[in-house]
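Note: hydrogens, waters and symmetry copies are ignored here, and every other heavy atom, side chains too, is used.
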Amino acid sequence: MYLEIKAREMGYISHDGGRCGLHVHIDRKYFETSDKNEIEAKFFISFRNNLDWLKVFSRRFYYDYCMVNGYEITSDGGNDTLGKIPYPPDRIWVQNKKQTEGRHMALNFEPNDTIEVRIFRGTLNYDTFVATLQFVKMWAGFVKRTSYDDIVRLRLQNFVNEAERRGYREFVDYLKSRNIIEGENTGY
């Protein structure tokens, strides 16, 4: 809380400025595998299949600096034509759709040593910052230990259950504050 107050006193505005993102890097060594494509595809699949609540969680309204991976615009400039990835995922299709357009993607797979998650809006709120880090830590854990075929089944409730198991109160409270889940759905 002290750092939040001090940052505001120093004139930092973060998300109030409208252009600040919170980018979290995950060390690729964490996954203990040399199969870069499978790890990236598992992030992509779980991202696409949870996009509805992740957009609310991210607090972003504009995605110019973190384009949604795999987003296809219809000829009339309308909606996302890609949608959710079904079970079981088609490996060739997923690898072709995961777009690697650099640092302007919500999931940036270009760095050699890290995977960069860029979808979050910046914040000076300590609890929001902690909730974001808790989410990314859980997400990386699910990607690490969930099989390629089963990653399509990863849903919000898996994150809520894991957060409760780990005591990640900030994550669960944040979901409630953004009306992503209702209070009575959790043990808190």
Side-chain angles (χ1 to χ4, degrees), residues 14-15 18 20-26 39-73 78-89 94 97-99 104-109 115-123 125-188:
S14 189
H15 90 294
C20 182
L22 172 57
H23 305 170
V24 181
H25 288 258
I26 305 161
I39 294 300
E40 292 175 3
K42 285 164 63 172
F43 268 106
F44 173 73
I45 291 166
S46 56
F47 176 68
R48 291 298 313 191
N49 288 352
N50 289 279
L51 196 53
D52 293 343
W53 71 266
L54 280 174
K55 281 186 171 184
V56 177
F57 184 87
S58 77
R59 302 172 317 283
R60 282 200 187 258
F61 300 103
Y62 305 104
Y63 294 88
D64 296 343
Y65 296 102
C66 65
M67 294 181 290
V68 173
N69 301 64
Y71 195 82
E72 295 178 357
I73 300 174
N79 293 330
D80 180 357
T81 60
L82 184 55
K84 295 186 186 301
I85 298 172
Y87 178 84
V94 169
K97 292 290 184 183
K98 74 177 168 136
Q99 294 172 333
H104 292 290
M105 300 306 295
L107 297 174
N108 179 8
F109 298 122
I115 293 171
E116 181 185 20
V117 182
R118 302 174 44 92
I119 194 171
F120 311 111
R121 190 172 181 182
T123 185
N125 182 298
Y126 177 78
D127 289 337
T128 302
F129 179 73
V130 170
T132 302
L133 295 182
Q134 290 170 341
F135 164 70
V136 172
K137 185 175 182 178
M138 289 185 292
W139 192 12
F142 282 124
V143 165
K144 181 177 180 175
R145 66 180 182 268
T146 304
S147 74
Y148 183 84
D149 287 339
D150 287 339
I151 201 74
V152 298
R153 295 184 174 123
L154 185 63
R155 296 291 181 265
L156 174 59
Q157 192 59 50
N158 299 106
F159 287 96
V160 171
N161 294 344
E162 184 72 4
E164 289 176 343
R165 188 183 70 74
R166 292 180 180 216
Y168 286 175
R169 178 175 219 111
E170 293 85 358
F171 176 77
V172 175
D173 288 348
Y174 184 76
L175 293 176
K176 291 177 193 176
S177 74
R178 302 290 296 176
N179 294 317
I180 298 171
I181 62 170
E182 295 181 22
E184 60 270 12
N185 290 346
T186 69
Y188 291 119

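By the 4.5 Å heavy-atom criterion applied to side chains, Ile26 and Trp139 are not counted as neighbours. For the pair Asp127/Asp173, no side-chain contact is recorded, criterion being any heavy-atom separation below 4.5 Å from C-beta on. Taking the side chain as every heavy atom from C-beta outward, Leu107 and Glu116 never approach each other to under 4.5 Å. You'll find the side chain of Val143 stays beyond 4.5 Å of the side chain of Glu40, heavy atoms only. A heavy-atom distance below 4.5 Å is found between the side chains of Leu156 and Leu175. Using a 4.5 Å heavy-atom cutoff, the side chains of His23 and Phe120 are not in contact. By the 4.5 Å heavy-atom criterion applied to side chains, Asp150 and Arg153 are counted as neighbours. Side-chain contact between Tyr148 and Val94 is present, with at least one heavy-atom pair separated by less than 4.5 Å.
With values rounded to the nearest 0.5 angstrom, Phe159 atom CZ is found 14.0 Å from Glu164 atom CD. The CZ atom of Phe135 sits 10.0 Å away from the OG atom of Ser58 when rounded to the nearest 0.5 Å. With values rounded to the nearest 0.5 angstrom, Asn50 atom CG is found 5.5 Å from Leu154 atom CG. Here the CD1 atom belonging to Ile119 is positioned 10.5 Å from the CE atom belonging to Met105, to the nearest 0.5 angstrom. Rounded to the nearest 0.5 angstrom, Asn161 CG and Met138 CE are separated by 10.0 Å. Rounding to the nearest 0.5 angstrom, the gap separating the CZ atom in Arg59 from the OG1 atom in Thr123 is 5.0 Å.
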I would like to know whether Leu133 and Val24 meet side chain to side chain contact (heavy atoms under 4.5 Å, CB included); could you show each step before the answer?
CA-CA 8 Å; Leu133 295 182; Val24 181; 4.0 Å; yes
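Between Phe171 and Phe57, the distance from one ring center to the other falls under 6.0 angstrom. The aromatic ring centroids of Trp53 and Tyr174 lie 6.0 Å or more from each other.
Scanning both residues, Tyr87 and Val152, for their nearest heavy atoms gives CD1-CG2, 3.3 Å. Smallest separation of non-hydrogen atoms from Glu170 and Ala131: O-CB, 3.6 Å.
Judged by distance alone, with hydrogens and angles left aside, the side-chain atoms of Asn49 form a donor-acceptor pair with the main-chain N or O of Ile85 at under 3.5 Å. In terms of modelled atom types and a separation under 3.5 Å, the side chain of Lys42 and the main chain of Thr146 share a donor-acceptor contact.
A tilted orientation is assigned to the rings of Phe109 and Phe43, their planes being inclined by 30° to 60°.
With Phe142 as the aromatic partner, Arg145 meets the cation-pi criteria of under 6.0 angstrom to the ring centre and within 45 degrees of the ring axis.
Between the side chains of Asn158 and Glu162, no donor N or O sits under 3.5 Å from an acceptor N or O.
Listed by chain and number, the residues in a side chain to side chain donor-acceptor pair (under 3.5 Å) with Arg155 amount to none (sequence neighbours excluded).
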